Amino acid sequence: MIIYVDADACPVVRIVEKIAEKYIIPVTLLCDTNHVLESGYSEVIVVGADADAVDYKLISICHKGDIVVSQDYGVAAMALGKGAYAIHQSGKWYTNDNIDQMLMERHLNKKARRASGKNHVKGPKKRTPEDDEHFSESFEKMIRMAIQNRKGEKNGKE
């Protein structure tokens, strides 16, 4: 299992690394050339600044059972399609049960913004310590579940 982080402007990178280190799970941070990332724990992969370059690289290297941290619903949908787990930086899990609705809401919101002429939207609200705590708890729960599922698969093959 590897944890992949869509790390461009991701506020939870250090939290991910701290929890991953506790469980001895490797982390790969992906960013484009517009962002500078350094890590004492994670592998850092820098890709070109082309639109969606990080997303395509992340999806090309993730596999079944890996964990993807991304705020991009499209990346999450593709990760789920490969059998990976996916979590938003808010701590919300992307699942096969909720991803279609999330993608549809994103589409409808974009369509409404285009129709109203308001293409510029405000950024996310300021992150709080409570947001970090919620993400930490949710992310650690996902890791424990992924480990348990992997053990179950191995037991079934023996």
Side-chain angles (χ1 to χ4, degrees), residues 1-111 113-114 119-128 131-132 134-143 145-147 149-150:
M1 175 193 314
I2 299 175
I3 298 168
Y4 294 100
V5 182
D6 183 350
D8 287 341
C10 180
V12 296
V13 169
R14 299 302 167 232
I15 296 169
V16 167
E17 289 179 322
K18 181 180 175 187
I19 295 171
E21 195 167 6
K22 175 180 170 182
Y23 289 89
I24 315 168
I25 301 171
V27 175
T28 300
L29 306 175
L30 292 98
C31 64
D32 65 31
T33 54
N34 295 321
H35 296 82
V36 178
L37 284 178
E38 292 182 7
S39 173
Y41 183 76
S42 302
E43 175 187 8
V44 177
I45 296 177
V46 180
V47 298
D50 300 338
D52 302 323
V54 168
D55 302 345
Y56 294 134
K57 179 65 176 179
L58 190 157
I59 293 305
S60 75
I61 61 177
C62 87
H63 298 92
K64 181 179 180 184
D66 290 337
I67 296 176
V68 171
V69 180
S70 179
Q71 65 181 347
D72 186 308
Y73 296 176
V75 169
M78 290 186 282
L80 291 172
K82 291 186 85 172
Y85 302 93
I87 186 170
H88 187 275
Q89 63 197 26
S90 68
K92 182 173 180 66
W93 291 17
Y94 300 103
T95 67
N96 289 323
D97 293 331
N98 70 12
I99 194 65
D100 287 341
Q101 180 181 347
M102 294 169 85
L103 289 167
M104 181 56 75
E105 286 173 5
R106 179 181 74 168
H107 169 73
L108 294 174
N109 288 337
K110 186 175 182 179
K111 194 172 172 180
R113 279 194 309 274
R114 252 190 263 134
N119 285 321
H120 183 74
V121 293
K122 293 181 188 175
K125 65 179 173 54
K126 187 165 171 49
R127 196 164 179 88
T128 66
D131 294 332
D132 289 345
H134 177 70
F135 175 80
S136 294
E137 291 171 5
S138 183
F139 181 61
E140 193 159 1
K141 183 178 178 183
M142 178 176 275
I143 286 175
M145 182 196 66
I147 290 169
N149 287 348
R150 193 173 66 192

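Only heavy atoms go into these numbers, but all of them, side chains included; no hydrogens, no water, no symmetry mates. In this text the structure is predicted, and so the values were computed from the model without any measurement.
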- [ ] Please lay out, stage by stage, how V12 and F139 fare under the test side chain to side chain contact (heavy atoms under 4.5 Å, CB included).
- [x] CA-CA 10 Å; V12 296; F139 181 61; over 6 Å; no
Open item on the list: One pair to check against side chain to side chain contact (heavy atoms under 4.5 Å, CB included): E140 and Y23. What are the steps and the verdict?
Closed with: CA-CA 9 Å; E140 193 159 1; Y23 289 89; 2.7 Å; yes
Open item on the list: Let's go through V68 and D6 carefully: what are the C-alpha distance in whole Å and the side-chain angles of both, what is the deciding distance for side chain to side chain contact (heavy atoms under 4.5 Å, CB included) to 0.1 Å, and is it a yes or a no?
Closed with: CA-CA 8 Å; V68 171; D6 183 350; 5.9 Å; no
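Rounding to the nearest 0.5 angstrom, the gap separating the OH atom in Y4 from the CD1 atom in I61 is 4.5 Å. Note that the CD1 atom of I143 and the OG atom of S138 stand 10.5 Å from one another [nearest 0.5 Å]. The OG atom of S70 sits 10.0 Å away from atom CG of L30, with the distance rounded to the nearest 0.5 Å. From Q89, atom CD reaches atom CZ of F135 across 8.0 Å, with rounding to the nearest 0.5 Å. To the nearest 0.5 Å, the span separating CD1 on I19 from CD on E137 amounts to 9.5 Å. The distance from the CG atom of D8 to the CG atom of D32 is 4.0 Å, given to the nearest 0.5 Å.
With no hydrogens or angles considered, no side-chain donor-acceptor pair links Y56 and D50 at under 3.5 Å.
Here the shortest heavy-atom pairing between S42 and L29 reads CB-CG, 3.7 Å. Of all heavy-atom pairs spanning Y73 and I99, the tightest one is O-CD1, 3.7 Å. Pairing each heavy atom of V44 with each of C31, the nearest pair is CG1-SG, 4.3 Å. The minimum heavy-atom distance between I67 and M1, with the atom names listed, is CD1-SD, 4.0 Å. A pairwise comparison of heavy atoms in S136 and I15 identifies OG-CG2, 3.1 Å as the closest pair. Shortest non-hydrogen contact noted between H88 and Y94 is CD2-OH, 3.0 Å.
For the pair K92/N98, a side-chain contact is recorded, criterion being any heavy-atom separation below 4.5 Å from C-beta on.
Just one residue in the list T95, N149, D66 forms a side-chain hydrogen bond (donor to acceptor under 3.5 Å, both in side chains) with Y85, and that residue is N149.
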